[in-house]
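Per chain, numbering begins at 1; letters A, B, ... match sequence-line order.
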Amino acid sequence: MQNSDGNDINTRIFNSVAEVFQKAQSSYAGHRKHIAVLKKIQSKAVEQGYEDAFNFWFDKLVTKILPLKKNEIIGDRIVKLVAAFIASLDRELILAKKQDYQLTNDEEGIFSRFVDQFIRHILRGVESLDKNVRFRVLQLLAVIMDNIGEIDESLFNLLILSLNKRIHDREPTVRIQAVFCLTKFQDEEQTEHLTELSDDEDNYEATRTLVATIQNDPSAEVRRAAMLNLINDNNTRPYILERARDVNIINRRLVYSRILKSMGKSCFDDIEPHIFDQLIEWGLEDRESSVKNACKRLISHDWLNILDGDLIELLEKLEVSRSPVCVKAIEALFQSRPDVLSKIKFPESIWKDFTVEISFLFRAFYSYCLDNDITEMLEENFPEASKLSEHLNHYILLRFHREDVPNDPPVDLDDRTLEFIIEQLLITAEKYDFSDEVGRRSMLTVVRNMLALTALSESLIEIGIRVMKSLSINERDFVTMAIEIINDIRDDDIEKQEQEERNKGKKNDVSDDGDDNDNSINDDAANDDDEDDNIASFHSAVENLVQGNGNVSESDIMNNLPPEKEASSETIVLCLTRSSCMLELVNTPLTENILIASLMDTLITPAVRNTAPNIRELGVKNLGLCCLLDVKLAIDNMYILGMCVSKGNSSLKYVALQVIVDIFSVHGNTVVDGEGKVDSISLHKIFYKVLKNNGLPECQVIAAEGLCKLFLADVFTDDDLFETLVLSYFSPINSSNEALVQAFAFCIPVYCFSHPNHQQRMSRTAADILLRLCVLWDDMQSTVETRVNREAMLKPNIIFQQLIFWTDPRNLVNQTDSTKKDIVQLTFLIDVLKIFTQIEKKEIKKMILTNINAIFFSPDQDYSTLKKILEYSDDIAENDTLDSVSKNALDKLRNNLNAVIEEINERSGVQAKDENNTTNDQYSSILGDSFNKFANGTPDHSIDMTAEHGTGTTKALEDILVPDNAEEKNSNNSRKRTRSETEHDTTSANTETSFIQNTSAVTKNVSFILPEEEEDAMSIDEEDNGPDSFTDV
Amino acid sequence: QDEEGDQDDEKNNTVEGIFEKDLMTYFDENLNRNWRGREHWKVRNFKKMNQVSKGADLLAKTPAPAGDATNQNTENDKPTDAKKKSKQKKALEIDFFQKDDGFEDKIFGPKGRAKIDMPIKNRKNDSHYLLPDDFHFSTDKITRLFIKPGQKMSLFQHKRHPSGDTSSRALD
DNA sequence: GATGTGTAGCTTGTTTGC
DNA sequence: GCAAACAAGCTACACATC
């Protein structure tokens, strides 16, 4: 080949290819043509023996687009061009092979050499330092992956190696492309190497990598790419569907709008039932409406259409009796598919042939029509009440007295099914129209008879009682009927026992009951070391305090001898279940409800004394429900309830705690602190202890939620207890108690934003909370070994942000124009600035300062307070050595403050006459008055409040205000010292002692977080007498 | 200013007591996204009261943090700037005819292993980036009594006395 | 890590085509 | 009559910058 000719051809190839690229970069428009041209250039080059030259220049030109950013459209166009070119070559080859053409010129070899060279070329950039290059390389690989034919093993290995590295690339965009590439290897590997489906390590490698990625990649988009491209088979499906709870909204939505939708009918067959239920529940209960809507659409649109609009079949697939969320599903369906709604009919012919699905539809349809006032549909489909009761009775008979049913139904329904149908009918009945007296009476008879059945399940008891309530004339009528049923059940049992005794002879058989009780007592002992003592004191407490137990002696109870004619424990449970369901629906005071008082004597009080845990718990619940109806009863039983919480086993604790909270919710503080009453401090201590005890997480949640309720209701107003509450939210030992964290995450902001007084309480305690947590965090960083444990603790900057948000007056509801003047957050800031010097770690100082500008300032706020903040921050700026970031933040704060203060000065210039002669301090007194005449939460007010609650933490908080050693050394700032000292005079006589107290308070708090070191350290109250204190009452 | 005063009066007359429900939905909606709490908490505007309760905006339009006034004055430049930027972007074109010999070396250049990989600690996450169980705390849940869920307290009626012993009277 | 800007992936509403 | 196609507008997340 001649040199000049060679150069000429070489150049011509370069120019031709470059020209194509040049044109193709500006638009997708001519791509078809460009590809044809490229092919022509290639084949001509090959003809002339310049195959390598073509490949060389092609690769060289593609290199040019590698550094282009992700969003650069030019890059995408060239990538598309390359992909289309390769795809076109590949397609031609396949077509040729199929049609068995003679491949004259080794097209296959040309193609594979081109591809091989191309891939090897761009792989040179796969580990480039430029992230864009890595991105483009993998993007190119991803788009050509489907069309590269067969590649040799060394290249294959190189590719896999590179991809497995890039799946851990620093950049999410690169990882996404790596995922795209890897997905192309799944299918091939499985078909190539897998004859049977197994999770054999080597063969499943790509899929395994993708599964690891879908779960562990920090980027939502990468997980999304894996989710949408992972092969969907029995092995991988759980990992894909699990993404219905991905933290990312889009990923969750895609499970419903893409994954499940595309699965079509196989959703019902190929997904495990419990996962299927979960998916529906997650979807319909999602916090995000878009996810919820996607799920609703899937069910009511896609799935219903798949099943040709057969609603019953859809309900079958949803397994309505298994998953309670189906109620929501069908509601959504009714709402979005009026066409379906109008087709639903309930002719009388099917009334006796109800199935699970039909009965569910019946109940849901009725509720929907009722809620939406669709009277014509109600009239058309639902019969008069007497008919309903007749049908209900039919199914009750089938379930409980099958022998009495004359004609056995064609289909044999099992007990569970029948109970479900009965439940649906009862739910319908609760809201049914019983204006027809005949219908009402017949339904009442049916329901009363049903409630007398001892084999009735708990859910049917509950709904049965509710129906009875709705049928009753008044509450008295309702209570009478319920108690009649309860008495009958008990009397029957006693009669039965007597009968048996008469039959068998003697009472030799102490039977199972006694054994059961013994066992359960042993169970209790396992839970608590000193359970025996507890039971003793428990019983004596019952003895002394439960009303109307005059005649039973302690020894009777201790010996566990049932009084004569006592019903069996099974029967007692039946009675207690019914009575608690009844009591839940009663509202008239006990004084007007003599029957319930008698129920207390005959059923409830003995149950509270019972040694069987389940009976005792039911007894306490019943007792609690009665206490809600009578303040006197509540007062009398506060002590025993407190005992149950402090000495009982976990489930008794759980119930009793709920009862105490409910009593407070209903009766307020009248139940404590007075003659013969339990004092509130003791009860506070109980709450402290439960809240602290992370061995019983469920009880912690009740304590937390309960305390929040009571604070919200302003029943509790103690600052110390409140601080404890907030501290347990942030405490790392509770970080794994999700329910607790979520309770606080909801309740604390509701509390803070619902009333200025609430926000002020937060503001008063916030700085101390922050300081304690900073100290703890610092401590944990140095002492705790594992990263995971260290990360259980929130970083101070997050805590600070949170506290700033909670104290921000702009978040208050019921805002008035005085909100702008609110200084509740500023007092928090002042407290923080005061404790700032106590913080030693630069790191923490930085975290506080860099967030300090989230504080809200406005010229409407109190001048002297703003001025004070400025002075404090000036002090810090002068005396602290800060890194530049902290300093910038602090300067920004000072600038903002200066601007606001300046604005106040300007405004007041109109009012104040001789402003030139007035010092700032004088200003403060003038403006302080005039600017705060509307604001309730002035600094004076908040100080008053503090003084009012001057115990425990508050003391500690005041102590914290005292400057620490470092401050004293640095005492050239006389102004600051003077201020501190002045304040200090009002709170404590001796600086030295205060300082010591302060350190001890901090230490003490540390042990609160790590309770194993000091048992009662959580209780900030200094003089906690320990567990026995409650018995001293 | 006068307008605000009037609105406030109106608020005080209408809001008191009546809008317990509105307050409840207000809290439910605004705290919806922060249910996970702790590290997943994010600052977000507590704003949408207008839509929740009919006319009365219980939450005054939050005054924008300092510099509110400056927003409207000199804003003519910004849109043009944006347009310029987008034009500049579109103007980019590659000269495929230019042969730059050092180009490939720059791109494929030396491999500085360190920076291009994700830190090891980020490669595995025990949460698997899944949400925790949702316990669905809501105003509805917390206003109900524990053992008598049919009975609800009214927690959001605004009461005068912080001691408030009788103010939490439970309602049906 | 705080901040501001950009953008993917919808959602909504309207039009157009089969 | 329904679905596809399209623009306009929205929001959570990602990216960029300091």
Side-chain angles (χ1 to χ4, degrees), chain A residues 69-73 76 131-132 135 169-176 217-225 227-228 243 246-259 261 286-298 301-302 304-305 309 336-339 794-802 804-805 842-855 883-893 896, chain B residues 29-30 32-36 39-45 47-48 51 64-67 71 75 78-79 81-86 88-89 118 122 129 131:
Chain A
K69 288 205 291 240
K70 189 195 165 202
N71 291 324
E72 195 53 75
I73 188 88
D76 294 339
K131 65 171 184 177
N132 297 317
F135 164 72
D169 195 281
R170 203 180 186 76
E171 299 298 324
T173 48
V174 177
R175 298 201 299 276
I176 291 172
D217 197 287
S219 161
E221 284 173 284
V222 178
R223 296 196 302 277
R224 188 178 310 154
M227 176 177 86
L228 294 172
R243 291 298 117 196
D246 195 288
V247 291
N248 182 276
I249 299 167
I250 296 170
N251 289 0
R252 268 181 276 149
R253 186 173 54 202
L254 283 171
V255 170
Y256 299 96
S257 65
R258 199 78 59 82
I259 307 277
K261 187 179 175 179
D286 200 283
R287 296 272 177 163
E288 292 298 319
S289 57
S290 69
V291 179
K292 219 185 289 195
N293 290 337
C295 181
K296 285 178 183 173
R297 189 181 161 81
L298 176 75
H301 189 264
D302 301 322
L304 193 57
N305 285 357
S336 61
R337 295 292 293 263
D339 56 318
L794 231 44
K795 288 165 82 177
N797 57 342
I798 307 285
I799 296 168
F800 188 43
Q801 285 171 4
Q802 183 74 258
I804 289 174
F805 187 69
K842 278 249 150 56
E843 208 181 345
I844 298 176
K845 286 188 176 186
K846 182 178 177 180
M847 287 195 261
I848 289 177
L849 288 177
T850 49
N851 283 289
I852 214 153
N853 286 298
I855 302 265
D883 62 303
S884 65
V885 181
S886 305
K887 200 176 175 326
N888 288 344
L890 187 62
D891 288 345
K892 192 176 169 190
L893 173 83
N896 288 343
Chain B
E29 284 181 13
N30 275 299
N32 192 37
R33 275 90 195 276
N34 276 333
W35 62 276
R36 281 191 289 163
E39 58 267 51
H40 302 110
W41 169 84
K42 274 179 203 148
V43 193
R44 47 192 349 126
N45 289 341
K47 259 189 182 173
K48 293 182 179 169
Q51 293 160 8
N71 283 344
E75 296 305 296
K78 274 194 177 177
D81 272 9
K83 280 175 189 171
K84 274 178 190 171
K85 276 179 187 171
S86 63
Q88 278 174 350
K89 268 185 186 174
M118 191 167 39
N122 290 351
Y129 300 98
L131 295 173

* Would you say C/dG1 has OP1 or OP2 under 4.0 Å from some side-chain N or O of A/Lys846? -> no
* To do: Compare the minimum distances between each of D/dA14, D/dC15, C/dT7 and the side chain of A/Pro172, then state the nucleotide with the smallest one.
  => D/dC15
* Asked: Is the count of non-hydrogen atoms from other residues, nucleotides or ligands lying under 6.0 Å from A/Gln801 atom CD greater than 12?
  -> yes
* **Any A/Gln801 side-chain N or O less than 4.0 Å from OP1/OP2 of C/dA2** => yes
* Using modelled atom types only, decide if a donor and an acceptor are shared between the side chain of A/Asp246 and the backbone of A/Ala220 within a distance under 3.5 Å. => no
* **Atom-to-atom span, CD1 of A/Ile176 to C1' of D/dC15 - whole angstrom** => 13 Å
* Structure fact -> In whole angstroms, the gap separating P of C/dT3 from CG of A/Leu893 amounts to 13 Å
* For A/Arg224, which contact category applies under a 4.0 Å heavy-atom criterion: base, sugar-phosphate, or nothing? -> sugar-phosphate
* To do: Write down the distance between NE2 (B/His40) and C1' (D/dA12), rounded to a whole number of angstrom.
  => 15 Å
* To do: Round to the nearest Å and state the distance from A/Glu288 atom CD to C/dT11 atom P.
  => 11 Å
* **Donor-acceptor contact present, side-chain A/Arg223 to main-chain A/Asp217, <3.5 Å** => yes
* When the distance from CD1 of A/Ile250 to P of D/dC10 is rounded to whole Å, what number comes out? -> 17 Å
* Indicate whether any N or O donor in one side chain lies under 3.5 Å from an N or O acceptor in the other, for A/Arg224 and A/Asn248. => yes
* State which of C/dG1, D/dC15, C/dG9 makes the closest approach to the side chain of A/Lys795. => C/dG1
* Asked: What integer distance in Å separates A/Ile855:CD1 from C/dA2:C1'?
  -> 16 Å
* Distance test, side-chain N/O of A/Lys70 to OP1/OP2 of C/dG6, below 4.0 Å -> no
* Asked: Taking CG from A/Asn853 and P from C/dG1, how many angstroms apart are they, rounded to a whole number?
  -> 18 Å
* Asked: Between C/dG1, D/dA12, C/dA8, which nucleotide has the shortest distance from any of its atoms to the side chain of A/Asn797?
  -> C/dG1
* Looking only at side-chain atoms of A/Asn248, point me to the closest of D/dA14, C/dG9, D/dC13. => D/dC13
* Looking at D/dC15, C/dT7, D/dA12, which one has an atom nearest to any side-chain atom of A/Ile249? -> D/dA12
* Asked: Counting side-chain heavy atoms from CB outward, which of C/dT11, D/dA12, D/dC13 is closest to A/Ser290?
  -> C/dT11
* Go through C/dA2, C/dC10, C/dA8 for me and flag the one nearest to the A/Glu221 side chain. => C/dA8
* Asked: Just how far is it from atom CD1 of A/Ile799 to atom CG of A/Asn851, taken to the nearest 0.5 Å?
  -> 11.5 Å
* In whole angstrom, give the distance that lies between atom NZ of B/Lys42 and atom P of C/dG1. => 15 Å
* Per A/Arg258 side chain, nearest of listed nucleotides C/dT7, D/dC13, C/dC10 -> C/dC10
* What nucleotide, of D/dC13, D/dA12, C/dA2, holds the atom closest to the side chain of A/Ala220? -> D/dC13
* To do: Report yes if a side-chain nitrogen or oxygen of A/Arg253 is closer than 4.0 Å to either non-bridging phosphate oxygen (OP1 or OP2) of C/dT11; otherwise report no.
  => yes
* According to a strict under-4.0 Å criterion, is A/Asn293 in side-chain N/O contact with OP1 or OP2 of C/dC10? -> no
* To do: Can you measure from NE2 (A/His301) to NZ (A/Lys296) and round to the nearest 0.5 angstrom?
  => 15.5 Å
* Asked: What nucleic acid atoms does A/Ser886 come within less than 4.0 Å of, heavy atoms only: base, sugar-phosphate, or nothing?
  -> nothing
